[in-house]
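This report concerns only the one structure given below.
Below, read A as the first sequence line, B as the second, and so on, with proteins coming before strands; counting in each chain starts at 1. Computed from heavy atoms alone, side chains included, the values below leave out hydrogens, waters and symmetry copies.
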Amino acid sequence: MSREQLAVQRARKVFLTGRSKPLEYRIQQLKNLNRFITEREKDITDAMRKDLYKSENSTQLYEILGLVGEINLAVSKLAEWAAPRPVSKNLLTILDEVFIQPEPLGVVLIIGAWNYPIAVTLQPLVGAIGAGNAAIIKPSEVSSHTAEVMELLRHYLDPEMYPVVTGGVPETQELLKQRFDHIFYTGNSTVGKLVMEAAARHLTPVTLELGGKSPCYIDKNCDIRIACRRITWGKYVNCGQTCIAPDYILCEPSIQDKVIDEIQKCIKEFYTDDPKSFTDYGRIINQRHFKRLMAFIEDSTVAVGGDSDEAECYIAPTVLKDVTSQSKVMQEEIFGPILPIVTVNGIKEAIQFINEREKPLALYVFSSSNKVIKQMISDTSSGALLANDCLVHYTISDLPFGGVGNSGIGRYHGKYSFDQLSHLRSCLIKKLNMEMINQMRYPPHTAEKLRWARVFLLKQINLAKWRQMAQVAMLAALAAYVVKRLLKTN
Amino acid sequence: MEKQVVDDARTSFQSGRSRSLQYRKQQLRALHRLITERHADIAQALKQDINKSVYDTTLFELIGLENDIKLAESNMADWAAPQPVRKNLGTAIDDVYIKPEPLGVVLIIGAWNYPWALTLQPLVGAIAAGNAAVVKPSELSEHSARLLKELLPQYLDKDMYPVVTGGVPETQELLKQRFDHIFYTGNSTVGKLVMEAAACHLTPVTLELGGKSPCYIDRNCDIAVACRRITWGKFANCGQTCIAPDYILCEASIQDRIIEEIRNTLREFYPEDSKTSPDYGRIINTRHFDRVMALMEGCTVAIGGESDGSQCYIAPTVLRDVLPHFRIMQEEIFGPVLPIITVDNISEAINFINKREKPLALYVFSSDKKVIKRMLTETTSGGVTVNDVMMHYTLNTLPFGGVGNSGMGSYHGKHTFDQLSHHRACLIKSLAMEGLNDARYPPLTAARVRRAKVVLQSRLCRCSGMCVWAIISTIVAIGLLIALLVTFLT
């Protein structure tokens, strides 16, 4: 039996013992995960530096803060999320108990990515643990140092319930042959299809957090300086290797030069004249991706940056101008510090351009005009839409984070992670009395019986509304009484 | 031909006419008219397909559908409206909400056992959510398929909601096309093929499958009532219901009593003879007739067992002392044959259930709350009804769907709308207050990271209607109580 098979088998065995059912166990594991992050902070930041040249502060801000927030939220809300959820009844079920019971699915496979290895591998894990599942954690081998650090999880989490399985393509393929109760994959659409195909063999539901080219439209009616500041930040964080980074800019030709100018100023402000020696500017993950990105630069007109150093996998913050839809850089998700500008004649053309392509994970629009923003929202689709800023929708735990179409299936963050990795079981608890009412459904059938059935089945009772009305009535009665007393005393 | 139909549906969707709520309501109203005006034709087709009685047509096929149409129509504005979410300090003055959007073109593959309900209820959600839909009824219920193909274009926008009839080759051709969601009702084997086909295009799926739904009868319960309800659920539609109680688990001591009660109930339901009763159905075709007959091989018949191949008639049948390795326990029965398997106690029953695939429905009959609790907490299933069968299907506030081998996704009522929508996360910021963003820009310092932490980990109240009402009413109530006290004291 392979190592992967063993890990899955053991996880399933341990899950079936029921150990992860009690909320205390799950909360304990989540708190242990918190401890891992705090106690191993140095190991994590060192690994990030080696893998992606991420500075310590960057790691804190972009990887750890969000994760800790998710853990704390899950710990404080778990009892609420895991409790039975009552639903509105109809006349027929008015005396019954009707609710949705969240339950664990079983064994979840989490396949992480290399760009934010801690965040995108462990945030799904928070949901898996919270929902009471076992989980196989497969960190990306591309961010190899971080993968090594994640193996230390066995000293903090229940190692049988949440084993870490490292390895490359063959190990992942072996894992995907096993049967899971849910597969959570973060990565690209090509592999996403293979994951879903493998899942189909076992009828395993999937969450696919994929990517694509996230467009960024800059309207000529807007504070271009501020817009460019926010875009520059969003683009070059982690050297452009962010699934929701603004991939390319769409704007009218009349403002292209101003946009380039402002971005250039911001690059200088954020990363100094020499980004290569600046601690908060990252590196490309490996040679393969470096070469891929250099081909984009060579194919287009460089307006800002363009310099590189292959030995260090360094590419300067770069802007390309007058890019067309045929340019190499427009054929795939960039995932690097290269920002092409494609000129369009107004919002209609921009919308057309966007709709000709796959639905993106994020869509950005910069404008002071509510009308423009509204039009962009109603005439396009994307995982998420952010007006007048980049990336920050990721930090709101009450917003579902996920793609649509080619950019993904399913969503998570906050309670969504819990729900995504639970089975929401419909429960109807009746009693064995009141059998008379059931007469209308039994053969021999008559028209009279049918009439009764219609009455009982077609009416929906909204108990919340009735309760509200009763409260109003009581308050009104109380108010009337008080007023009467006051009048009497006076 | 199939490709053309899908392309036309996509063109219709892209015209934008399904976006308006008016249009969607109009289509739903038309669908409602279809089922009310053509009620007799539908009943006739069902009679020819599966010998369904007029009563069962109304009760099982059309009432639920009517419910869903009315619900969607009256709630659509609510469902389709942006839902505000809780913000944090960083987004306190922004617009943060989730906007439901259409997915695009949905493929609905119906089933033959409840051809109208199972094909049109998903369509209600597809229409309400603003999608186009290609409707593929099952060819096994050929009269209903033919009637649907004839009627739907007469009532609904025929380019937006085309009907494609045909068998396996036509379905395979459809599955090669690209959809934005595929909604399949049927068996697990084909379910896997559907998901595999969907994986090629990263199309999300809802699979309403089946399995063997267990029915546990505790010795502490009103066995007469229990058996009455089970008999109704089992033999409705001649056992061809995805949530029919597939088999009974009970202690040996009550097996005879159960058989006796079922026999009594059958006499009550079909006083003359089930074969001549207008309320008793037939097996859909010869293939399934032969299949169900073969399943009975080697079993001890306690009730029924008679059959007539020329009519695809199988009498309501109960088998006793069935053992787990018998053929009848190897697949979903989907016929009017009810095996009884004896177990020593509830623990054995739970083990028996858990050794098998997760069922679509689970039933437990008991007056003992402890027994019910154990059964619910120690097993899992798509849905549960306690002390009755199938009724959780009738409440559209409960999500209806399977888990594991019995399916993925859920629908009914608002759940269908949600399943066939994309919930787009939207964050609308202004270009002002740029000073607040300084914390995130490089050069990053520990102080900046700390500031970001405070902002990101704050959670503000979401001012929903209920919250506002609760606060106001509490204040008013306290005010009144104080006034009351004052009047009593003076």
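Heavy-atom distances place the side chain of B:H422, and not its backbone, under 4.5 Å from chain A. Looking at B:Q14, there are no atoms closer than 4.5 Å to chain A (heavy atoms on both sides), in backbone or side chain. Interface remark: B:M391 contributes backbone and side-chain atoms alike to the contact with chain A (heavy atom separation under 4.5 Å). In this structure, chain B has a heavy atom under 4.5 Å from the side chain of A:Y271, while its backbone stays farther away. At a 4.5 Å heavy-atom cutoff, the contact between A:K449 and chain B is made by backbone and side-chain atoms alike. Contact annotation for B:L193: neither backbone nor side-chain heavy atoms come within less than 4.5 Å of a heavy atom of chain A. Both the backbone and the side chain of A:A199 come within less than 4.5 Å of a heavy atom of chain B. Heavy-atom distances place the side chain of A:E358, and not its backbone, under 4.5 Å from chain B. When heavy atoms are compared at a cutoff of 4.5 Å, B:V54 does not approach chain A at all. For chain B, no part of A:T272 is nearby; none of its heavy atoms comes within less than 4.5 Å. The parts of B:S188 that come within reach of chain A are both its backbone and its side chain, each placing non-hydrogen atoms under 4.5 angstrom from that chain. Contact of B:D180 with chain A is made through the side chain alone, with heavy-atom distances under 4.5 Å. Only the side chain of B:E357 has a heavy atom closer than 4.5 Å to any heavy atom of chain A. In this structure, the portion of A:Y416 lying under 4.5 Å from any heavy atom of chain B is its side chain and not its backbone. Contact annotation for B:T379: both backbone and side-chain heavy atoms come within less than 4.5 Å of a heavy atom of chain A.
Shortest non-hydrogen contact noted between A:G192 and B:L202 is C-CD2, 4.0 Å. A pairwise comparison of heavy atoms in A:N406 and B:R178 identifies OD1-NH2, 3.6 Å as the closest pair. Heavy-atom minimum distance, B:K192 versus A:L203: CG-CG, 3.6 Å. Closest approach of A:M196 and B:A198 over heavy atoms only: CE-CB, 4.1 Å. The two atoms that bring A:Y62 and B:L444 nearest to each other are CE1-CD1, 4.3 Å, heavy atoms only. Here the closest heavy-atom approach between residue B:L398 and residue A:F99 is recorded as CD2-O, 3.6 Å.
Counting heavy-atom pairs under 4.5 Å between each of A:L432, A:L386, A:N433, A:L399 and chain B puts A:L432 at the top. Among B:R19, B:K99, B:E378, the residue making the largest number of heavy-atom pairs under 4.5 Å with chain A is B:R19. Of the residues considered (B:A477, B:G409, B:S430), B:S430 shows the highest number of contacts with chain A, using heavy-atom pairs under 4.5 Å. When each of B:P271, B:A483, B:A425 is checked for heavy-atom pairs under 4.5 Å with chain A, B:A425 comes out on top. Between chain A and the residues B:H201, B:R228, B:H423, the largest count of heavy-atom pairs under 4.5 Å involves B:R228. Of all the listed residues (A:S382, A:S368, A:A479), the one sharing the greatest number of non-hydrogen pairs under 4.5 Å with chain B is A:S382. Between chain B and the options A:L424, A:V98, A:T380, A:T93, the largest number of non-hydrogen pairs under 4.5 Å is found for A:T380. Between chain A and the options B:I372, B:L207, B:V476, B:L376, the largest number of non-hydrogen pairs under 4.5 Å is found for B:L376. Note on A:E103, A:E197, A:H202: by heavy-atom pairs under 4.5 Å with chain B, the leading option is A:E103. Interface remark: of the candidates B:H392, B:Q83, B:E434, B:R448, B:E434 forms the most heavy-atom pairs closer than 4.5 Å to chain A.
Here the side chain of B:T385 pairs no donor or acceptor atom with the backbone of A:L428 at under 3.5 angstrom. When atom types are taken as modelled, the side chain of A:R425 and the backbone of B:V403 share no donor-acceptor pair closer than 3.5 angstrom. A donor-acceptor pair is defined here as one N or O able to donate and one able to accept, closer than 3.5 Å; no such pair exists between the side chain of B:K429 and the backbone of A:V392. A donor-acceptor pair under 3.5 Å is absent between the side-chain atoms of A:H393 and the main chain of B:C426, judged by distance alone. The main-chain N or O of B:P443 is never found under 3.5 Å from a side-chain atom of A:D280 such that the two would form a donor-acceptor pair.
More than 12 heavy atoms of other shown residues, nucleotides or ligands fall within 6.0 angstrom of atom CD in A:Q439.
Rounded to the nearest 0.5 Å, atoms CG (B:L481) and CG (A:L478) are 6.0 Å apart. Annotation: the span from A:L92 atom CG to B:L395 atom CG amounts to 9.0 Å, rounded to 0.5 Å. From B:D222, atom CG reaches atom NZ of A:K431 across 14.0 Å, with rounding to the nearest 0.5 Å. Here the CD atom belonging to B:E101 is positioned 9.0 Å from the OG atom belonging to A:S378, to the nearest 0.5 angstrom. One finds the OG1 atom of A:T204 at 6.5 Å from the CE atom of B:M408 (value rounded to the nearest 0.5 Å). Note that the CG atom of A:L450 and the OG1 atom of B:T57 stand 10.0 Å from one another [nearest 0.5 Å].
B:Y441 and A:W233 have perpendicular rings, their planes meeting at more than 60° on a 0 to 90° scale where under 30° would count as parallel.
A salt bridge does not link B:K373 to A:E97: none of the charged side-chain nitrogens sits closer than 4.0 Å to a carboxylate oxygen.
Annotation: side chain of B:R424 is in contact with side chain of A:I377 (closest heavy-atom distance under 4.5 Å). Using a 4.5 Å heavy-atom threshold, the side chains of A:S426 and B:F400 count as separate. Taking the side chain as every heavy atom from C-beta outward, A:N388 and B:L427 never approach each other to under 4.5 Å. Side chains of A:D389 and B:N437 form a contact here, defined as non-hydrogen atoms less than 4.5 Å apart. Looking at B:L480 and A:Y481, their side chains never come closer than 4.5 Å, going by heavy atoms from C-beta outward.
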Going through the checks in order, is the side chain to side chain contact (heavy atoms under 4.5 Å, CB included) test met by A:I409 and B:T203?
CA-CA 8 Å; A:I409 296 177; B:T203 301; over 6 Å; no
Using side chain to side chain contact (heavy atoms under 4.5 Å, CB included), reason through A:N438 and B:R229 one step at a time and then give a plain yes or no.
CA-CA 8 Å; A:N438 284 337; B:R229 299 178 178 186; 3.2 Å; yes
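The only member of B:L485, B:L484, B:V486 that meets side chain to side chain contact (heavy atoms under 4.5 Å, CB included) when paired with A:V482 is B:L484. Looking at B:D279, B:D56, B:D388 one by one, the single match for salt bridge (Lys or Arg N to Asp or Glu O under 4.0 Å) with A:R441 turns out to be B:D388. The only member of B:Y55, B:F235, B:F269 that meets side chain to side chain contact (heavy atoms under 4.5 Å, CB included) when paired with A:P443 is B:F269.
Applying the ring-ring contact (aromatic ring centres under 6.0 Å, His included) rule to B:Y270 yields the partners B:Y280; only residues at least two apart in sequence or on another chain are considered.
B:R450 and A:Q60 share no donor-acceptor pair across their side chains, judged by distance under 3.5 Å alone.
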